[in-house]
Structures are given as C-alpha cells and as structure tokens.
Amino acid sequence: GALRTDRDRAMVYAMVLGGLRRCEVLGLRLSHVQVPERSLFIAEGKGGHQRVIPISNTFFTAVGNYLRHERPDGFDTDRVFVTLKGPNRGKPMTADGVDKILQAARARAGLDRATCHQLRHTCLTRLREAGMELEAVQAQAGHASIESTRIYLHLSDDWLASEYRRASE
C-alpha cells in the first residue's frame, strides 16, 4: 500500500514474487515479458547468465496496469521500467531511482528495513518454505552454485519444525 504507482508495485513484485535482482528488474525489456507463459526472460543476469523464470499473475496485473496507464508514450526505449516524471521522463529507471522509491515507501509504511536484496531473499526463502525443491530455487535465483542458494535462504523456525515432523513421521 505504500507504493504509489503500478510501476513501483510491478518492480517490487518482480523482486519479492520472482526473486529478481535489482539489475535484472532494470534490465527487463518489453519483449522479455512473456505474458502467455507467465514468465520473464532474464537476459542480463549476474555473470552474463540468461534464464526464464515463472512469475505470479500479481506481477502481470501490476505491469499491465503500468504499461496501459502510466508508462509515457513516444520515448525511444524498450526498457520496461522508465521514469514517469521530471527531466528524465521516459528514460530507463536507474538503480538510484529504484532505491529512492523503496526508501520513500519504507518511510510511508514505517519500516526500518526493506531493500531490493531483502525482497529477493524473502522470495527465495518463501519459495523454499512452500516446498519448492532447492534446485528449483537455485534456477529461479539464477545461482551457478547450489551453495549460493543455501546461503541465501533464511528459513523460519516453524518451517524447520514442520519439515522435521514430516520427515520423522
């Protein structure tokens, strides 16, 4: 609720529902949003790796609303996320711009912490807690090493207890 535009919601959903890095969100091009497949093509992942990831309908609703109602027309960029006003209107969003949006939303929501990286961590942790195989979480995250994925996860005590009970039964 503290995010003011559909653009801002779509960027946050990409991180918290898709596990994208901030640079991957900023690198999205219009052709990378694969609506029929409900997926995103990540062309500029860390280390130059590419991947296709599934993402929730919630993201597609927000990005669709943004593209229909907020994204300025007539500018020469195929980047999905652009600046909506000011002297940089219609130019691709920057990392600093995303950070400022998140900082303002945190202040409005009364949150101490909520960075792009923490949103990504939350996504990957919740996917694992929901039962997604570790290798699938690794693919979603775009990690080359399964060890990177393990370090990333901050599993709750409740999840650990329920996993233990399930396995011990």
Ignoring hydrogens and geometry, is there a side-chain-to-backbone donor-acceptor pair from [X] to [Y] under 3.5 Å?
X    : Y    : result
R38  : V35  : yes
Q118 : A114 : yes
R120 : G19  : yes
E70  : D6   : yes

Under 6.0 Å from the ring centre and within 45 degrees of the ring axis: does the NZ or CZ of R9 meet both conditions for the six-membered ring of Y66?
no
To the nearest 0.5 Å, what is the distance between [atom1] on [X] and [atom2] on [Y]?
X    : Y    : atom1 : atom2 : answer
D73  : L67  : CG    : CG    : 10.0 Å
Q34  : I53  : CD    : CD1   : 10.0 Å
T115 : Q103 : OG1   : CD    : 12.0 Å
K91  : F75  : NZ    : CZ    : 9.0 Å
R7   : I101 : CZ    : CD1   : 4.0 Å
R79  : R71  : CZ    : CZ    : 11.0 Å

Working for side-chain contact (heavy atoms from CB on, under 4.5 Å), residues L119 and V12:
CA-CA 8 Å; L119 295 173; V12 167; 3.9 Å; yes
Carefully, step by step, assess L124 and R128 under the rule side-chain contact (heavy atoms from CB on, under 4.5 Å).
CA-CA 6 Å; L124 302 176; R128 183 69 181 119; over 6 Å; no
Least distance between heavy atoms, [X] atom then [Y] atom:
X    : Y    : result
G90  : T77  : O-CG2, 3.5 Å
M15  : L20  : CG-O, 3.4 Å
Q138 : S145 : NE2-C, 3.6 Å
P72  : V82  : CD-CG2, 3.7 Å
L3   : A105 : CD2-CB, 3.6 Å
R106 : R113 : CD-C, 3.5 Å

State plainly whether one hydrophobic cluster holds both [X] and [Y], where clusters connect Ile, Leu, Val, Met, Phe, Trp and Tyr through side-chain heavy atoms under 4.5 angstrom apart.
X    : Y    : value
L102 : F59  : yes
V16  : L111 : no
F60  : F41  : no
I42  : V80  : yes

Could you go through the side-chain contact (heavy atoms from CB on, under 4.5 Å) check for L40 and V52 one step at a time?
CA-CA 6 Å; L40 297 173; V52 175; over 6 Å; no
Is any side-chain heavy atom of R51 closer than 4.5 Å to a side-chain heavy atom of E24?
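Sidechains of E24 and R51: in contact.
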Is the closest side-chain heavy-atom distance between P92 and L26 below 4.5 Å?
no
Dump the intermediate steps for side-chain contact (heavy atoms from CB on, under 4.5 Å) on V98 and V25, then the final yes or no.
CA-CA 10 Å; V98 174; V25 171; 5.7 Å; no
Whether over 12 other heavy atoms sit under 6.0 Å from E135 CD:
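Buried by this count: over 12 neighbours within 6.0 Å.
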